[in-house]
Amino acid sequence: EKGTYPHYMLKEIDEQPLVVRKIIQKYQNDNGILTIDSDILNAVNDADRIYIVAAGTSYHAGLVGSQMIEKLAKVPVEVHVASEFNYNMPILSAKPLFIFISQSGETADSRAVLVQVKELGYPTLTVTNVPGSTLSREADYTLLLHAGPEIAVASTKAYTAQIAVLAIFASVLAESKGYSLEFDLVKELGIVAAAMEVLCDTKEEIESIARDFLSTTRNCFFIGRTMDYYVGLEGALKLKEISYIQAEGFAGGELKHGTIALIENGTPVIAISTQEHVDLSIRGNVKEVVARGANPCIISMKGLDTEEDTFVVPQVHELLTPLVSVIPLQLIAYYAALHRDCDVDKPRNLAKSVTVE
Ligand code: F6R
């Protein structure tokens with residue numbers, strides 16, 4: 001039930017801090033240590049490469065997860081769009097393991113890949129919100145999101161739940177390989193949950209940002225580098241699917257290779273900067289678009305913020321920034337859709353789970 005909320009999407013955005021806290025709890029053992037089923041760890045430790053297969057928002061969460069797994073556990077990861085992998089399977093490593101990320105656990109494109117790779121005899125793990133779903137039943141192993149039912153068509157809390165679960169998976173895997181983490185993930189996820197709460201209380205500010213940048217525009221670009229690029233892809237998908245504004249996410253460095261031709265006077269460009277090593281580069285990209293007349297909206301993180309920034313998210317661990325930087329983007333999409341009188345929870349042409357290929 002959406003209770004006093006006008007839309008499920010807003011309710012689900014607000015549930016994100018709780019969901020992160022619940023995930024921490026669900027993955028802790030009696031001693032408060034984060035754990036993953038040892039059968040899953042053994043299967044992953046037997047593999048030489050992880051293939052993440054997913055669609056839409058879950059694909060975007062997979063991109064973030066791949067970075068966490070590579071950085072912490074040092075296992076190579078490839079991330080594939082299910083509908084492409086299905087018809088164009090890459091040459092696989094000698095010992096692949098497949099991770100299917102799917103909120104619903106019912107996405108036909110992902111299932112088609114699962115059927116193919118099971119036939120080839122490879123181990124499979126589904127990360128899903130729905131116990132007993134098709135992908136969960138058919139894969140060898142399951143990790144649950146514990147996000148509670150997601151009703152709005154636009155995925156919000158499932159995305160952050162996927163990232164939180166993948167962070168736990170990456171850190172436990174790293175420790176099982178003998179790498180000691182330089183941080184305490186339980187503590188860092190607690191900091192994330194608190195930061196998410198702060199962000200959920202900035203709705204008025206975000207509403208006015210949505211009004212300033214998006215009330216009349218026909219398009220909008222999102223730029224970022226590394227983690228922020230992946231979050232930009234998600235911000236663009238959220239915006240286009242519920243507000244019908246044409247939105248695209250780009251890697252900051254790719255701008256000059258074509259997209260910059262689309263920048264006109266007043267074109268909104270939302271730049272995300274939470275990664276210290278690319279902060280100067282992305283700010284350089286902002287200057288390039290501003291010189292062509294763009295209307296820049298810079299979303300940065302405390303510690304990297306400057307006076308030119310439009311919105312600053314609280315500081316969290318550099319691998320966990322997507323969990324917080326996505327919240328203003330979800331809210332921007334929500335308010336842009338609201339201002340344009342769009343059906344927020346049930347956008348045109350879309351279904352909650354896509355059960356046809
Ligand atoms: C976007 C959205 C879709 C889904 C995609 C995959 O907000 O909801 O892009 O993420 O259809 O769905 P699942 O995760 O159920 O496999």
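First listed ligand is number 1; within each ligand, the first listed atom is number 1.
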Which residue, Lys157, Lys238, Glu234, Gln16, forms the side chain to side chain donor-acceptor pair (under 3.5 Å) with Gln330?
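So, applying the side chain to side chain donor-acceptor pair (under 3.5 Å) to Gln330 and each of Lys157, Lys238, Glu234, Gln16, only Gln16 qualifies.
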
Does the structure place the NZ or CZ of Arg340 under 6.0 Å from the centre of the six-membered ring of Tyr244, at an angle of no more than 45° from the ring's axis?
no

Pair Tyr87-Glu357, side-chain donor/acceptor within less than 3.5 Å
yes

Contacts of type ring-ring contact (aromatic ring centres under 6.0 Å, His included), residue Phe183, not counting sequence neighbours:
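For Phe183 the ring-ring contact (aromatic ring centres under 6.0 Å, His included) partners, ignoring immediate neighbours, are His317.
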
Run through the side-chain heavy atoms of Ile, Leu, Val, Met, Phe, Trp and Tyr, join any pair under 4.5 Å, and report what else lands in Phe100's cluster.
Tyr51, Val53, Phe85, Met89, Leu92, Phe98, Val113, Leu114, Val117, Leu120, Tyr122, Leu135

Within the 4.0 Å heavy-atom cut-off around ligand 1, the contacting residues, ordered by chain and number, are Ala55, Gly56, Thr57, Ser58, Ser102, Gln103, Ser104, Thr107, Val153, Ala154, Ser155, Leu237, Lys238, Glu241

Below 3.5 Å, can you tabulate the donor-acceptor pairs from side chains in residues 293-305 to any protein atom, sequence neighbours excluded?
from   : atom 1 : to     : atom 2 : distance (Å)
Ser300 : OG     : Asp309 : OD2    : 2.6
Asp305 : OD1    : Gly303 : N      : 3.0

